[in-house]
Amino acid sequence: MPDLSAAEAILAAIRAVPRGQVAGYGGIARRAGLPGRARLVAKILSGNDDPKLPWHRILRSDGRIAFPPDSPGFVEQRQRLRAEGVDVRNGRVHMPQDDDSLDAAIWRPR
DNA sequence: AGAATGACAGGAA
DNA sequence: GTTCCTGCCATTC
């Protein structure tokens, strides 16, 4: 069976994303100490059942929503993001860059 | 064991 | 700035 610790680390990284902010699968994996496991993050999200988890803040590296443009998941994610003030244009959002200064401000442990 | 699949990433065209 | 193609990881058939 898969490493549950890895899954927990990923979930923790996702929960650490502030409201109104977004992150990429690869970025989450990197923050979880699992570089290169972006697809594992997707696997976790597909199998999660925690309604408290801000899964809608996780996007592809391009900033594109990971669902097909007509699927219910796409619509729901888009609505949730807009509800948090995120500008979603044509299924895409402006992704944050690897600025450690801003990055540290966001990911700072509390 | 080999092939197929998926809420992906990164570089090339 | 976008779309396309190839590479990766882990799981399932």
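Quick note on labels: first sequence line is chain A, next is B, and so on, each numbered from 1.
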* To do: Let me know the distance between CG of A/N90 and C1' of C/dG1, rounded to the nearest Å.
  => 13 Å
* When rounded to the nearest 0.5 angstrom, what distance separates CG in A/N48 from CG in A/L53? -> 5.0 Å
* Asked: Heavy atoms under 4.0 Å, any strand shown: does A/R92 hit a base, just sugar-phosphate, or nothing?
  -> sugar-phosphate
* Asked: For every nucleotide of nucleotides 7-13 of chain B, 5' to 3': is a protein heavy atom under 4.0 Å from its base (B), only from its sugar-phosphate (S), or from neither (-)?
  -> BBBS---
* For A/E84, side-chain hydrogen bond (donor to acceptor under 3.5 Å, both in side chains) partners two or more places apart -> A/H56, A/R57
* To do: Specify the separation, in whole Å, of atom CZ of A/R37 and atom P of C/dT11.
  => 11 Å
* Test salt bridge (charged side-chain N to carboxylate O under 4.0 Å, His left out) applied to A/R80 - qualifying residues, sequence neighbours left out -> A/E76
* Nearest 0.5 Å, what's the CZ-CG distance between A/R92 and A/L59? -> 12.0 Å
* Using atom types as modelled and distance alone, determine if a side-chain donor or acceptor of A/R82 lies under 3.5 Å from a backbone N or O of A/V88. => yes
